[in-house]
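Below is one structure; the comments refer to it alone.
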2 protein chains.
Amino acid sequence: MAETTPDAAASDTPGQALTRQALTAAALRILERDGLAGLSMRKVAAEVGVKAASLYWHVRNKEELLDLLSDALVADAELPPREGSWRDQFLEYGRRHRALLLARRDAAKVVAGRLAPGPHILAVLEDQLDRLRAAGFSDADAAMASYLLSAYVQGFVLQEQSPLSAAEAAGATRGEAARAAGETFRTLPAETYPNLVALADDLTDPDMETRFEFGLQRLADGLAALLPA
Amino acid sequence: MAETTPDAAASDTPGQALTRQALTAAALRILERDGLAGLSMRKVAAEVGVKAASLYWHVRNKEELLDLLSDALVADAELPPREGSWRDQFLEYGRRHRALLLARRDAAKVVAGRLAPGPHILAVLEDQLDRLRAAGFSDADAAMASYLLSAYVQGFVLQEQSPLSAAEAAGATRGEAARAAGETFRTLPAETYPNLVALADDLTDPDMETRFEFGLQRLADGLAALLPA
DNA sequence: CAACGGCCCCTAACACCGTTAGGGGCTATC
DNA sequence: GATAGCCCCTAACGGTGTTAGGGGCCGTTG
């Protein structure tokens, strides 16, 4: 009957046939396997057992598929527990956001510069704003703080998730690549780059956890200064 | 014949043969004209008056060309004056970094996630570290602060430089797109998204200058807390 | 002088890519 | 039974990055 049509209004009805959800899931699988550069419409089609042209019945563009993908990437986000100080909750938000992006291959590249707020993204944003306002931030500050956090996390993970050097893509571990990069800095001409030489180890420290945490703490400190006592 | 060829607008450096520099300059021109998506090896080749396959004599990959490009993008960076507090210099660094990226079309997308330190990038980093250490930051903190700033700026500009919506790409100005986005937020179901509805204007404020400045000040505040009095 | 070897560009081709046009079979409704 | 809409198909267009192999030019060398 007519009421079974999975049409526009309830776009996320779980269909058993070929739905936008199924396409998104297939794209997610290919992203994990081949990376963003290896994600093509033809492969997505093959993954769902269909020819490439058929995808355009369900999706306007590859861009639209990527929009769906970017929302799906945050689909299984778990919100931090609503306890403790606003600061702890803020920090935890940043950590989980980073963890979410790191969990999927090339996730940062997919999300980067894609302002396509799907339902999952909206839900997270809504919750985040709610906590910031409850903490005492003004409306404008809450909005900006949320934007600030996501800009930092995306910028950070984007660099973190990209190969440190051409050598890394070819088998070398992160630690080895970092050591190689450190060597590069250390052997620079010391008269023109004294600081790079001196800080070679600090600059190429492969411990991304503490590096991320450093920035996160600075952000939280900076925001805390906006609140009254 | 070959060296004085009236070859249209092809060669820009009179007398010089085809160098990596010339390739980079040509790529930069095409980037400005057609954006990153429209930057192809064939177009770069045509721009310098050559066929595509010839580029591979000078450059290993398109990736390597993009590495060169990302360094060239910061080639004309002017360092902030060495006066005033470390804080002012830090802020000015952030502003100029952003301005530099904004000045060239798709610059943020080119640089994003590309850790290819060319000579220009190294020079800026060297200077930045020097000032941070002079301000009293420890070696490790200086290195992390520098990383933090660039992660924020890149993340911010990446979002700023990408079209706010599909509508914006088609002619609409930033302000109009922002108004449309605000309308989208404002008409969301208020019972599930009360904060998004309430903060619709704050979330879609098109004034990127103050939004960027907000984050920058928070960063500076957070870093200031690391220093002794 | 002639031969060599490097530099630098060429043509041709491969294996892809996103996207569109147009066609056809299936199914549910009138 | 006819009709309309959904959903997939084949075929093709105009691109993409990249490689193989060939061939002039030119300075050096025997």
Side-chain angles (χ1 to χ4, degrees), chain A residues 1-11 13-24 26-27 30-31 33-69 106 109-110 114 166 169-170, chain B residues 1-8 10-11 13 15-24 26-27 30-31 33-69 106 109-110 114 166 169-170:
Chain A
M1 297 291 286
E3 58 267 18
T4 61
T5 68
D7 212 299
S11 58
T13 52
Q16 45 276 37
L18 191 48
T19 62
R20 287 158 71 99
Q21 270 209 14
L23 285 195
T24 308
I30 293 175
L31 182 70
R33 190 202 312 142
D34 303 335
L36 181 57
L39 177 68
S40 74
M41 297 298 265
R42 282 170 165 89
K43 277 196 205 166
V44 173
E47 178 80 13
V48 295
V50 128
K51 298 309 172 90
S54 305
L55 298 187
Y56 291 83
W57 178 259
H58 305 274
V59 143
R60 197 185 322 268
N61 288 5
K62 187 180 185 180
E63 273 299 295
E64 186 175 312
L65 213 181
L66 289 176
D67 284 349
L68 293 174
L69 200 53
D106 281 346
K109 273 197 181 111
V110 173
R114 191 172 300 277
Chain B
M1 37 152 56
E3 68 258 13
T4 57
T5 175
D7 215 343
S11 56
T13 50
Q16 283 295 8
L18 192 49
T19 62
R20 287 157 70 98
Q21 269 208 16
L23 285 196
T24 309
I30 293 174
L31 182 71
R33 192 203 312 142
D34 303 334
L36 181 58
L39 176 69
S40 76
M41 296 298 265
R42 282 170 165 88
K43 277 196 204 166
V44 173
E47 178 81 13
V48 295
V50 128
K51 297 309 171 89
S54 305
L55 298 187
Y56 291 84
W57 178 260
H58 306 273
V59 144
R60 197 184 323 265
N61 288 7
K62 187 180 184 182
E63 274 298 295
E64 187 176 309
L65 212 182
L66 290 177
D67 285 348
L68 293 175
L69 201 53
D106 281 345
K109 272 197 181 114
V110 173
R114 190 172 300 278

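Naming convention: chains lettered A, B, ... in sequence-line order (proteins, then strands); numbering from 1 in each chain. Keep in mind that what you see is a predicted model, and the values were worked out from it rather than measured.
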Nearest 0.5 Å please: distance from the [atom1] atom of [X] over to the [atom2] atom of [Y].
X: B:Leu39; Y: B:Arg33; atom1: CG; atom2: CZ; answer: 10.0 Å
X: A:Ile30; Y: A:Glu47; atom1: CD1; atom2: CD; answer: 5.0 Å
X: B:Leu69; Y: B:Arg114; atom1: CG; atom2: CZ; answer: 8.5 Å

**Request:** Output the single nucleotide from D:dT10, D:dT19, C:dC7 whose closest atom is nearest the side chain of B:Ala53.
**Result:**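 The listed nucleotide nearest to B:Ala53's side chain is D:dT19.
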**Asked** What closest approach, in Å, do A:Leu65 and A:Val59 show between heavy atoms, and which atom pair accounts for it?
**Response**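 Of all heavy-atom pairs spanning A:Leu65 and A:Val59, the closest is N-CG1, 4.1 Å.
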**Request:** State, to 0.1 Å, how close A:Val48 and A:Ala26 come at their nearest heavy-atom pair, and which atoms those are.
**Result:** CG1-CB, 3.5 Å
Looking at [N], I'd like to know if its phosphate oxygens (OP1 or OP2) sit under 4.0 Å from a side-chain N or O belonging to [X].
X: B:Ser54; N: C:dC8; value: no
X: B:His58; N: C:dC7; value: no
X: B:Trp57; N: C:dC9; value: no

**Item:** Separation of D:dT16 C1' from B:Lys51 NZ (nearest whole Å)
**Value:**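 So the two atoms are 17 Å apart, to the nearest Å.
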Distances under 3.5 Å between protein N/O atoms and the N/O atoms of nucleotides 14-18 of chain C, please, pair by pair.
{"residue": "C:dC17", "atom": "OP1", "partner": "A:Ser40", "partner atom": "OG", "Å": "2.7"}
{"residue": "C:dG18", "atom": "OP1", "partner": "A:Met41", "partner atom": "N", "Å": "3.3"}
{"residue": "C:dG18", "atom": "OP1", "partner": "A:Lys62", "partner atom": "NZ", "Å": "2.8"}
{"residue": "C:dG18", "atom": "OP2", "partner": "A:Met41", "partner atom": "N", "Å": "2.9"}
{"residue": "C:dG18", "atom": "N7", "partner": "A:Arg42", "partner atom": "NH1", "Å": "2.5"}
{"residue": "C:dG18", "atom": "O6", "partner": "A:Arg42", "partner atom": "NH2", "Å": "2.9"}

**Request:** Please name all residues satisfying salt bridge (charged side-chain N to carboxylate O under 4.0 Å, His left out) with A:Glu64, sequence neighbours left out, ordered by chain then number.
**Result:** A:Arg20, A:Arg60
